Engineer: 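One structure is given below, represented as structure tokens, and several questions about it will come after.
Sequence positions, counted from 1, serve as the residue numbers for this chain. Everything numeric here is computed off the predicted structure, so don't read it as measured data. The basis for the numbers below is simple: all heavy atoms, side chains too, and nothing from hydrogens, waters or symmetry mates.
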Amino acid sequence: MKMTSNKMKNELETRLARDNRAISYDREKDVFRIENKSTGKGISISLSGIVAKWHIEKEKAIDEVVYYVEEGLNAMEDPIRLSDHEKHIFPVIRSASFPVEAEEGIPFLIDEHTAETKIYYAVDMGKTYRLIDSRVMEKEGWEASRIREIALFNARSLPTPLKEDQVRGNVFYFLNTNDGYDASRILNKGFLNEMKKRITGTMVISIPHQDVLIVADVLNNTGYDVLAQMAMSFFANGRVPITALSFIYENGELEPIFILGKNK
């Protein structure tokens, strides 16, 4: 069976249709949109990417989209609150190309991170989270500095359980708790500096998607190649991809490096 945008549109329509939702499809842009009739707020999905993913993952690709759309629409109906929710404010890492504003043109709170990545801030709402934008900050009278301070404190308090693997004389540490903030641990300087003490070669970090962080103790050139292949594989399969590039960690700074991986 060959999946097309039209078939995907019909499948999503069947699974997401509700009396209080309006569904539309822009054939020219290949964009499927679903929104709450009463609020006008909704989610737009580019179908071409999901069709491509379907050819690899089949039903899992549709299940994921349906899950995120349902969670996203539910979150939109619940007003986002900062006050009394301090313990639920976290930083999230996104790719440099991630949108800088909400759909209504309201800018998100964003900080520079590396040439490949940016820091956004979110309120955890259980199964999903909402990115903090300027409208929420103005409504509650919160300064950006306060949000940053709280979010980074919360990120530092997250556990950092690691799995270790040795490949061709190199050591790889994996952090994968699936709490939505695995990549955010890269902002925990204390954790990075503790890892640095364990590293005997070059410390290289990869955050290919939001639910994994890899720290590599690179002891030979093959280590770079292995990491490049791992990062690319994770990047291609992640729900929220960030970057396939890795970063050398030296003197408390992250420096993106491009590794030309060889096919084995």
Side-chain angles (χ1 to χ4, degrees), residues 89-98 110-122 124 129 148 151-264:
I89 297 172
F90 290 94
V92 288
I93 304 288
R94 290 289 180 265
S95 70
S97 60
F98 195 80
I110 303 169
D111 284 323
E112 296 299 318
H113 183 234
T114 72
E116 299 299 315
T117 53
K118 290 186 291 202
I119 306 166
Y120 290 69
Y121 296 88
D124 192 291
Y129 48 61
R148 287 187 192 106
L152 292 171
F153 175 82
N154 289 337
R156 287 195 296 271
S157 68
L158 292 168
T160 52
L162 296 168
K163 289 178 183 168
E164 185 180 328
D165 198 7
Q166 297 198 18
V167 184
R168 296 181 191 169
N170 303 273
V171 187
F172 297 89
Y173 301 93
F174 298 89
L175 199 153
N176 173 223
T177 66
N178 278 313
D179 62 4
Y181 308 104
D182 289 313
S184 299
R185 266 79 160 185
I186 201 170
L187 301 173
N188 183 344
K189 280 282 177 77
F191 164 63
L192 297 189
N193 292 334
E194 281 301 311
M195 290 305 298
K196 184 71 176 166
K197 291 175 189 172
R198 294 168 69 169
I199 303 293
T200 54
T202 303
M203 179 168 166
V204 188
I205 305 173
S206 184
I207 43 170
H209 63 73
Q210 76 166 15
D211 292 312
V212 69
L213 183 147
I214 307 166
V215 177
D217 188 352
V218 177
L219 295 154
N220 55 49
N221 284 336
T222 309
Y224 290 107
D225 190 38
V226 171
L227 181 61
Q229 291 180 49
M230 277 183 193
M232 184 54 78
S233 174
F234 277 114
F235 177 75
N237 294 309
R239 284 176 175 173
V240 183
I242 297 174
T243 176
L245 290 189
S246 297
F247 306 87
I248 287 180
Y249 186 68
E250 194 66 59
N251 301 320
E253 298 295 326
L254 294 162
E255 188 62 44
I257 55 165
F258 180 74
I259 306 163
L260 190 62
K262 305 181 194 71
N263 291 323
K264 289 278 183 281

Engineer: In chain order, what residues pass the salt bridge (Lys or Arg N to Asp or Glu O under 4.0 Å) check against D165, with sequence neighbours excluded?
Structural biologist: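 So D165 forms no salt bridge (Lys or Arg N to Asp or Glu O under 4.0 Å) with any residue.
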Engineer: Show the nearest heavy-atom pair for residues H113 and I186, with the distance to one decimal.
Structural biologist: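 Taking H113 first and I186 second, the nearest heavy atoms are CE1-CG2, 3.9 Å.
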Engineer: Using atom types as modelled, flag every donor-acceptor pair under 3.5 Å from a side chain in residues 196-204 to any protein atom, sequence neighbours excluded.
Structural biologist:
unit_1 : atom_1 : unit_2 : atom_2 : d
K196   : NZ     : Y249   : O      : 3.3
K197   : NZ     : E194   : OE2    : 3.1
T200   : OG1    : D217   : OD2    : 3.3

Engineer: Taking all non-hydrogen atoms of both residues into account, name the closest pair between P91 and A151 and its distance.
Structural biologist: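 Smallest interatomic distance, heavy atoms only, reads CD-O, 3.2 Å.
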Engineer: Where the side chain of D182 meets the backbone of R185, is there a donor-acceptor pair that is under 3.5 Å apart?
Structural biologist: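 Not confirmed, D182 side chain does not pair with R185 backbone.
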Engineer: Just checking, any donor-acceptor pair under 3.5 angstrom between side chains of Y181 and N154?
Structural biologist: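 No - no donor-acceptor pair under 3.5 Å links their side chains.
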Engineer: For the pair F98 and Y120, name the ring-plane relationship: parallel under 30°, tilted 30 to 60°, perpendicular over 60°.
Structural biologist: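 Aromatic pair F98/Y120 classed perpendicular.
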Engineer: Ignoring hydrogens, what is the shortest heavy-atom contact between I242 and R94? Give both atom names and the distance.
Structural biologist: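 Minimum heavy-atom separation between I242 and R94: CG2-C, 4.1 Å.
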Engineer: Please report the closest heavy-atom contact between T177 and P161, naming both atoms and the distance.
Structural biologist: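 What the structure gives for the nearest pair is CG2-CG, 3.7 Å.
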Engineer: Hey, does the side chain of D211 reach the backbone of N176 with a donor-acceptor pair shorter than 3.5 angstrom?
Structural biologist: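 No: the side chain of D211 does not pair with the backbone of N176.
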Engineer: Between atom CD1 of I93 and atom OG1 of T117, what is the distance when rounded to the nearest 0.5 Å?
Structural biologist: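 Between atom CD1 of I93 and atom OG1 of T117 there are 5.5 Å.
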Engineer: For the CG atom of D179 and the CD atom of Q210, what is their distance to the nearest 0.5 Å?
Structural biologist: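 One finds 9.0 Å between CG of D179 and CD of Q210.
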Engineer: So, N170 versus Y224: side-chain donor-acceptor pair below 3.5 Å or not?
Structural biologist: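 Distance-only check fails for N170 and Y224.
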